[in-house]
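Quick note on labels: first sequence line is chain A, next is B, and so on, each numbered from 1.
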Number of protein chains: 2
Amino acid sequence: MDLVFETLAEPNRRRILDLLREGERPAGDFVSALDISQPGVSRHLRILREADLVSVRQDGQRRLYRLNGARLARIDAWLAPYRRFWTDKLDALEDHLDRETPQ
Amino acid sequence: MDLVFETLAEPNRRRILDLLREGERPAGDFVSALDISQPGVSRHLRILREADLVSVRQDGQRRLYRLNGARLARIDAWLAPYRRFWTDKLDALEDHLDRETPQ
DNA sequence: AGGATATATATGTTGACGGTTATATAACGG
DNA sequence: CCGTTATATAACCGTCAACATATATATCCT
């Protein structure tokens with residue numbers, strides 16, 4: 001399944017990924033960070049797991065979540081052919097600036 | 001509003017953007033391409049407009065849609081701090097290969 | 001074993017979303 | 001003007017996603 005975009009559409013899930021950039025974290029961290037109920041967080045974590053955006057490992061009674069960046073490369077790949085649509089704009093701006101202040 | 005991710009979650013809308021990479025297109029093009037009704041397409045176009053992902057200009061009785069790449073830069077910006085999470089992997093792979101075939 | 005803690009699952013409600021059909025608006029051609 | 005074409009809006013409907021509460025599971029500790 002390729003539900004990366006759909007998974008990333010949810011703000012709470014993006015927030016979870018943001019937190020995971022700092023490293024492995026137990027599920028409870030997200031509960032205190034996210035202002036939704038514990039089952040709600042658990043549900044989002046399950047969706048992130050199913051989308052293979054995160055992985056888990058057991059650590060005692062906690063479950064430590066880790067970011068799986070590889071999956072985000074798919075977004076990057078989708079974005080690639082669009083990149084010229086804003087880098088071109090930057091190039092044009094640079095050209096403009098070059099002309100405004102020609103050394 | 002910053003609903004870029006939410007807007008991109010819908011496959012038909014992504015398809016529309018894909019088609020727009022080739023250049024300006026009238027709304028009718030998407031109707032024949034998308035296998036949903038004309039009003040359905042029109043709705044998606046409105047959402048893309050509201051997300052500022054596309055712009056329109058009148059051309060006789062048609063309306064020509066154009067891609068607005070600048071908005072996608074927001075996705076790119078969000079993605080940026082994650083990039084190391086898969087480029088690191090590639091680096092590691094390269095290191096590994098270097099060791100496997102040293103010279 | 002039993003209590004406490006951490007996390008997941010079950011269940012039910014609700015609002016938003018995407019689809020359709022019907023209709024309105026607007027521009028063109030005769 | 002009138003009919004046609006192109007597109008948007010209105011109204012309605014079914015589905016699904018996200019939330020909460022309640023409960024189950026699993027692990028730790030004593």
Side-chain angles (χ1 to χ4, degrees), chain A residues 1-20 22-68 71 75 78, chain B residues 1-20 22-68 71 75 78:
Chain A
M1 233 92 54
D2 189 20
L3 301 172
V4 188
F5 282 94
E6 290 82 346
T7 303
L8 258 46
E10 219 288 323
N12 287 310
R13 289 196 286 266
R14 289 202 298 279
R15 181 94 184 94
I16 288 176
L17 294 182
D18 285 343
L19 290 168
L20 282 176
E22 297 165 20
E24 245 180 0
R25 276 173 179 274
D29 277 23
F30 309 122
V31 177
S32 39
L34 284 194
D35 202 46
I36 57 178
S37 68
Q38 178 269 316
V41 170
S42 192
R43 204 159 196 297
H44 284 308
L45 288 172
R46 190 168 67 82
I47 291 169
L48 286 167
R49 258 182 285 137
E50 283 169 1
D52 206 30
L53 281 161
V54 302
S55 58
V56 212
R57 69 181 181 91
Q58 199 80 23
D59 173 51
Q61 49 188 336
R62 299 182 310 171
R63 307 194 73 193
L64 294 184
Y65 281 82
R66 176 196 298 269
L67 180 64
N68 178 16
R71 212 72 172 112
I75 302 272
W78 180 85
Chain B
M1 237 90 56
D2 189 21
L3 302 172
V4 188
F5 282 94
E6 291 82 346
T7 303
L8 258 46
E10 220 287 323
N12 286 311
R13 290 196 285 266
R14 289 202 298 277
R15 181 96 185 92
I16 288 175
L17 293 182
D18 285 343
L19 290 168
L20 282 176
E22 297 164 21
E24 246 181 357
R25 278 173 177 274
D29 277 24
F30 309 121
V31 177
S32 40
L34 284 194
D35 201 47
I36 57 177
S37 68
Q38 178 268 318
V41 171
S42 193
R43 257 171 86 75
H44 285 307
L45 288 172
R46 190 168 65 82
I47 291 168
L48 286 166
R49 258 182 286 136
E50 283 171 358
D52 206 29
L53 281 161
V54 302
S55 58
V56 213
R57 69 181 180 94
Q58 199 78 24
D59 173 51
Q61 51 189 334
R62 299 182 308 170
R63 307 193 72 194
L64 295 184
Y65 280 83
R66 177 197 298 269
L67 181 64
N68 178 16
R71 211 72 173 114
I75 301 273
W78 181 85

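Residues meeting the side chain to side chain contact (heavy atoms under 4.5 Å, CB included) test with Ala9(B), sequence neighbours left out: Ala9(A). The side chain to side chain donor-acceptor pair (under 3.5 Å) test applied to Arg14(A) returns no partner, not counting sequence neighbours. Annotation: side chain to side chain contact (heavy atoms under 4.5 Å, CB included) contacts of Asp52(A) (sequence neighbours excluded): Asn68(A), Arg71(A). In this view, Arg46(A) and Glu50(A) satisfy the side chain to side chain donor-acceptor pair (under 3.5 Å) rule, not counting sequence neighbours.
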What verdict does the side-chain contact (heavy atoms from CB on, under 4.5 Å) test give for Phe30(B) and Arg15(B), after you've listed the backbone C-alpha separation in whole Å, the side-chain angles of each residue and the deciding distance to 0.1 Å? CA-CA 9 Å; Phe30(B) 309 121; Arg15(B) 181 96 185 92; over 6 Å; no

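Rounded to whole Å, atom C1' of dA16(C) lies 13 Å from atom CZ of Arg46(B).
Proximity of Leu17(B) to Leu8(B): side-chain heavy atoms (C-beta onward) are separated by under 4.5 Å at one or more points. No side-chain heavy atom of Ile75(B) sits less than 4.5 Å from a side-chain heavy atom of Phe5(A).
Nearest heavy-atom pair, Ala27(B) versus Val41(B), reported as atom, atom and distance to 0.1 Å: O-CG1, 4.3 Å. Closest approach of Leu19(A) to Ala33(A), counting heavy atoms only: CD1-CB, 3.8 Å. Between Ile36(B) and Asn12(B), the shortest heavy-atom contact is CD1-ND2, 4.1 Å. Taking both residues in full, the closest heavy atoms of Ser42(A) and Arg49(A) are given as O-NH2, 4.2 Å, listed atom of the first, atom of the second, then distance. Across all their heavy atoms, Thr7(A) and Ala51(A) have their closest contact at OG1-CB, 3.5 Å.
First and last contacts of DNA chain D with chain A, using any nucleotide atom under 4.0 Å from a protein heavy atom and ordered 5' to 3', fall at dA18(D) to dC28(D).
A side-chain hydrogen bond (donor to acceptor under 3.5 Å, both in side chains) check over residues 23-41 of chain A, counting only residues at least two apart or in different chains, returns the pairs Glu22(A)-Arg25(A), Glu24(A)-Arg57(A), Glu24(A)-Arg66(A), Arg25(A)-Asp29(A).
Distances shown here put every side-chain N or O of His44(B) at or beyond 4.0 Å from the OP1 or OP2 atom of dC17(C).
Contact check of residues 31-43 of chain B against DNA chain D (heavy atom, cut-off under 4.0 Å) returns Gln38(B), Pro39(B), Ser42(B). Listed by residue number, Glu10(B), Asn12(B), Arg13(B) are the residues of residues 5-18 of chain B with a heavy-atom contact under 4.0 Å to DNA chain C.
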Tabulated below should be each protein N or O lying under 3.5 Å from an N or O of nucleotides 27-30 of chain C; please produce it.
none

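Residue Phe30(A) is classed as having no contact, given no heavy-atom separation below 4.0 Å to the nucleic acid.
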